[in-house]
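Just so we're clear, the structure is a prediction, and the values are computed from it rather than from any experiment.
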Amino acid sequence: MLKTRLWVAHYTPGMNGQAGRGANRAFLERRNALWSRLRSLTPDGDGVPGPDFEATLTELSALTGWDRARILAGLGLPVSP
């Protein structure tokens, strides 16, 4: 029996191919800068993220359409209750 795999591309806002190449590049640069900033902002000793972390996470969420849990998982952090 022949097995096939179905690959599904995940839609990310701003990456629909309709905008010019410069718009896609700007989107990717901004997204990558936000991920980098999140990685540099470590939660304090009790594991509670600071306001800069929260603001950056919120901005990344708005840009990508990803929810908080998905972004925290991407950072390897536990999801806060």
Show the atom names and distances, to 0.1 Å, of all donor-acceptor pairs under 3.5 Å that link a side chain in residues 49-63 to residues at least two apart or in another chain.
residue : atom : partner : partner atom : Å
Glu54   : OE1  : Arg68   : NH1          : 2.8
Glu54   : OE2  : Arg68   : NH1          : 3.4
Glu54   : OE2  : Arg68   : NH2          : 3.1
Thr56   : OG1  : Asp52   : O            : 2.8
Thr58   : OG1  : Glu54   : O            : 2.8
Glu59   : OE1  : Arg30   : NH2          : 3.3
Glu59   : OE2  : Arg30   : NE           : 3.2
Glu59   : OE2  : Arg30   : NH2          : 2.5
Ser61   : OG   : Trp66   : O            : 2.5

Quiz item: How long is the gap from CD1 on Ile71 to CH2 on Trp35, to the nearest 0.5 Å?
Solution: 5.5 Å

Exercise. Could I get the full list of side chain to side chain contact (heavy atoms under 4.5 Å, CB included) partners for Ala69, not counting sequence neighbours?
Key: Asp67, Val79

Exercise. Hey, could you give me the CG/CZ distance between Asn32 and Arg37, rounded to the nearest 0.5 Å?
Key: 15.5 Å

